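Every value quoted in this text rests on a predicted model; they were computed, and no experiment measured them. All values below were derived from every heavy atom in this structure, side-chain atoms included, with hydrogens, water molecules and symmetry-related copies excluded. Just so you know, residue 1 is the first one in the sequence shown, and it goes up from there.
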Amino acid sequence: MTKYDFDKINNRRGTCSCKWDNAPDPEVLPMWVADMDFQTAPVIVDALQKRVAQGIYGYTHVPDEYYEAVINWFSRRHGWAFRRDWMVCVPGIVPALSAIVKALAAPGHKVLIQTPVYNCFFSSIRNNGCKIVSNPLVREGNAFRIDFDDLERKAADPDVKLMILCNPHNPAGRVWTREELKRIGDICMANGVAVVADEIHCELVYSGHEYTPFASLSDEFLKNSVTCISPSKAFNIAGLQIANMVIPDPEMREKIDKAVNVNEVCDVNPLGVIAAIAAYNGGEDWLMQLLDYLKGNYDCFRKFCSENLQDFPICELEGTYLVWMDCSKLGIASHQLELDLIREAKLWLNEGTMYGADGEGFMRWNIACPRSVMLEGLMRFRKFAESRVRH
């Protein structure tokens with residue numbers, strides 16, 4: 001029985017929404033930035049309303065209840081038990097990544113990433129004076145795999161100090177298997193490369209696939225890694241600015257904690273703390289129904305494309321709510337295609353090259369919206385594509 005109404009249209013215009021209020025034209029349908037158009041779990045809303053009613057929003061202390069909620073959730077749902085003293089709270093994954101790079105690599109050092117990949121990986125590396133080394137994912141049919149031979153060659157460079165791993169992967173939609181993660185870990189261990197696992201999408205995994213925390217695979221991987229986690233994507237609370245780093249190695253943790261303070265990103269949002277506790281203690285039922293709805297959206301999206309957009313293959317979606325579409329048939333550079341879609345189709349998607357040069361020819365769709373909205377976006381894209389292919 002469905003308890004939550006994910007088909008409900010929630011008007012987000014006029015709420016200072018990055019997604020909805022940044023469009024140059026109010027008729028533009030935004031399906032770009034990765035937040036959802038669903039109201040969060042009622043248990044979170046109730047907890048926030050109670051906290052807001054106090055009327056005072058000063059600096060916050062992160063209570064024992066918070067740490068217990070996070071630890072119990074990951075132990076129960078994902079079989080990964082970690083300790084409270086390994087955790088460092090931060091306002092978001094992106095400031096966490098920046099602090100980690102600052103702490104574990106010096107200017108001029110190199111950081112491995114697997115492109116196409118989340119755009120803020122690039123800025124976190126460059127802003128700290130480090131160099132990007134890409135291990136491009138290899139497309140096979142409608143999925144991507146890791147080129148392990150290339151990864152091994154590049155990890156062998158003594159200037160490579162870190163690898164930022166996106167697990168599950170944004171935008172390719174892969175949920176890396178235990179075997180894939182173990183090969184990554186073995187290569188990095190053999191070459192003295194620390195692994196920074198961005199696992200922000202870890203709850204958004206569909207039936208038939210399983211999220212494996214990288215650090216859970218072995219004690220060696222645990223000690224050679226930093227794991228970044230947050231309830232923000234799964235529960236649509238990104239604006240509440242709460243995330244965690246799990247850093248088992250004490251020396252590594254001390255360095256990163258110092259960088260967090262140097263970057264002045266050590267204070268978290270009091271409402272974020274409350275929301276995270278509510279999410280992890282009482283939001284599981286909502287999350288499970290959300291996953292069912294998102295999987296239904298993807299199945300509907302795939303069916304529409306197979307019937308109406310055969311020239312625009314999409315990648316298999318194992319996790320996240322972000323669909324990676326091959327738009328190379330149009331012969332338009334991704335950056336220009338984003339602009340043309342906004343102007344002509346009133347549809348805002350993310351250009352593939354936002355995620356690195358390997359994203360050329362692709363566009364990223366955010367399907368975390370009511371199904372009727374998603375279908376409207378697909379209709380707009382089809383109309384645009386038909387007009388361009390015809391010419």
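Asn135 is linked by a side chain to side chain donor-acceptor pair (under 3.5 Å) to Gln114, Asp150, counting only residues two or more places apart in sequence or in another chain. Applying the side chain to side chain donor-acceptor pair (under 3.5 Å) test to His335 and every residue at least two apart in sequence or in another chain returns Glu351.
The pair Arg343-Asp25 does not count as a salt bridge, with every side-chain nitrogen at least 4.0 angstrom from each carboxylate oxygen. Ion pairing between a basic and an acidic side chain is recognised when a charged N comes within 4.0 Å of a carboxylate O; Lys295 and Asp299 show such pairing. For Arg12 and Asp21, the salt-bridge test fails: no basic side-chain N is under 4.0 Å from an acidic carboxylate O. Salt-bridge check for Arg77 with Glu284: passed, with a basic side-chain N closer than 4.0 Å to an acidic carboxylate O. Using a 4.0 Å cut-off between charged nitrogen and carboxylate oxygen, Asp159 and Lys131 do not count as a salt-bridge pair.
Side-chain N/O atoms of Glu203 and Trp73 include a donor and acceptor closer than 3.5 Å. For Tyr4 and Asp285, the side-chain atoms include at least one donor-acceptor pair closer than 3.5 Å. Side chains of Thr115 and Ser134: a donor-acceptor N/O pair is present below 3.5 angstrom, by distance only. Checked by atom type, the side-chain pair Asn170/Tyr355 shows no donor-acceptor distance below 3.5 Å. Judged by distance alone, the side chains of Asn224 and Glu220 never bring a donor and an acceptor atom under 3.5 Å apart. Residues Glu360 and Thr353 have side chains that never bring a donor and an acceptor to within less than 3.5 angstrom of each other. In this structure, a donor-acceptor pair under 3.5 Å is absent between the side chains of Tyr211 and Asn167. The closest side-chain donor-acceptor pair between Asn244 and Tyr66 falls under 3.5 angstrom.
Both Met379 and Phe301 belong to a common hydrophobic cluster when Ile, Leu, Val, Met, Phe, Trp and Tyr are linked at side-chain heavy-atom distances under 4.5 angstrom. Residue Leu112 is grouped with residue Leu137 when hydrophobic side chains (ILVMFWY) are merged at heavy-atom distances under 4.5 angstrom, including chains of intermediate members. In the hydrophobic cluster analysis, where Ile, Leu, Val, Met, Phe, Trp and Tyr join through side-chain heavy atoms closer than 4.5 angstrom, Val268 is grouped apart from Ile56. Both Leu349 and Val323 are part of a single hydrophobic cluster, where members link through side-chain heavy atoms under 4.5 Å apart.
A cation-pi arrangement is found for Arg183 relative to Phe148, the charged atom lying closer than 6.0 Å to the ring centre and inside a 45° cone about the ring normal.
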Salt bridge (Lys or Arg N to Asp or Glu O under 4.0 Å) between Asp35 and Lys233, worked out: CA-CA 7 Å; Asp35 69 12; Lys233 295 299 179 189; over 6 Å; no

Verdict with supporting geometry, Asn269 and Val273, side-chain contact (heavy atoms from CB on, under 4.5 Å): CA-CA 7 Å; Asn269 187 327; Val273 171; over 6 Å; no

Test log, rule side-chain contact (heavy atoms from CB on, under 4.5 Å), inputs Arg302 and Cys305: CA-CA 5 Å; Arg302 183 171 55 182; Cys305 290; 5.8 Å; no

Step-by-step side-chain contact (heavy atoms from CB on, under 4.5 Å) determination, Tyr321 to Asn297: CA-CA 9 Å; Tyr321 48 71; Asn297 268 6; over 6 Å; no

side-chain contact (heavy atoms from CB on, under 4.5 Å) between Thr227 and Phe82, worked out: CA-CA 11 Å; Thr227 302; Phe82 50 82; over 6 Å; no

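Shown here is Glu264, whose CD atom has no more than 12 heavy atoms of other residues, nucleotides or ligands within 6.0 Å. Shown here is Glu254, whose CD atom has no more than 12 heavy atoms of other residues, nucleotides or ligands within 6.0 Å. Atom CD of Glu251 has 12 or fewer neighbouring heavy atoms from other residues, nucleotides or ligands inside a 6.0 Å radius. The number of heavy-atom neighbours closer than 6.0 Å to CD of Glu65, taken from other residues, nucleotides and ligands shown, is 12 or below. Within 6.0 Å of the CZ atom in Arg178, the count of heavy atoms belonging to other residues, nucleotides or ligands does not exceed 12.
Side-chain contact between Ile342 and Pro24 is present, with at least one heavy-atom pair separated by less than 4.5 Å. No side-chain heavy atom of Val246 sits under 4.5 Å from any side-chain heavy atom of Phe74. Looking only at side-chain heavy atoms (C-beta outward), Arg253 and Met245 stay at 4.5 Å or farther from each other. Side chains of Met288 and Asp292 form no contact here, defined as non-hydrogen atoms less than 4.5 Å apart. Side-chain atoms of Ser124 and Val94, non-hydrogen and from C-beta on, do get closer than 4.5 Å to each other. The shortest side-chain heavy-atom distance between Trp348 and Met31 does not fall under the 4.5 Å cut-off. For the pair Leu29 and Lys346, the minimum side-chain heavy-atom distance is 4.5 Å or more.
Between the CG atom in Leu309 and the CZ atom in Phe304 there is a gap of 5.5 Å [rounded to 0.5 Å]. Between the SG atom of Cys166 and the CD atom of Glu199 there is a distance of 9.5 Å, given to the nearest 0.5 Å. From Ser207, atom OG reaches atom CG of Leu291 across 10.0 Å, with rounding to the nearest 0.5 Å.
For Arg364 (side chain) and Trp32 (main-chain N/O), a donor-acceptor pair under 3.5 Å exists by modelled atom type. Side chain of Asn261 to main chain of Asp257: a donor-acceptor pair is present (N/O by atom type, distance under 3.5 Å, no hydrogens or angles). Panel note: side chain Arg13, backbone Pro26; a donor-acceptor pair is recorded below 3.5 Å.
The aromatic rings of Trp365 and Phe381 lie perpendicular to each other, with more than 60° between the two planes, well past the 30° mark.
Between Ile100 and Val226 the shortest heavy-atom distance is CD1-CG1, 3.6 Å.
Of the candidates Asp37, Thr15, Asn11, Asp37 is the only one forming a side chain to side chain donor-acceptor pair (under 3.5 Å) with Trp20.
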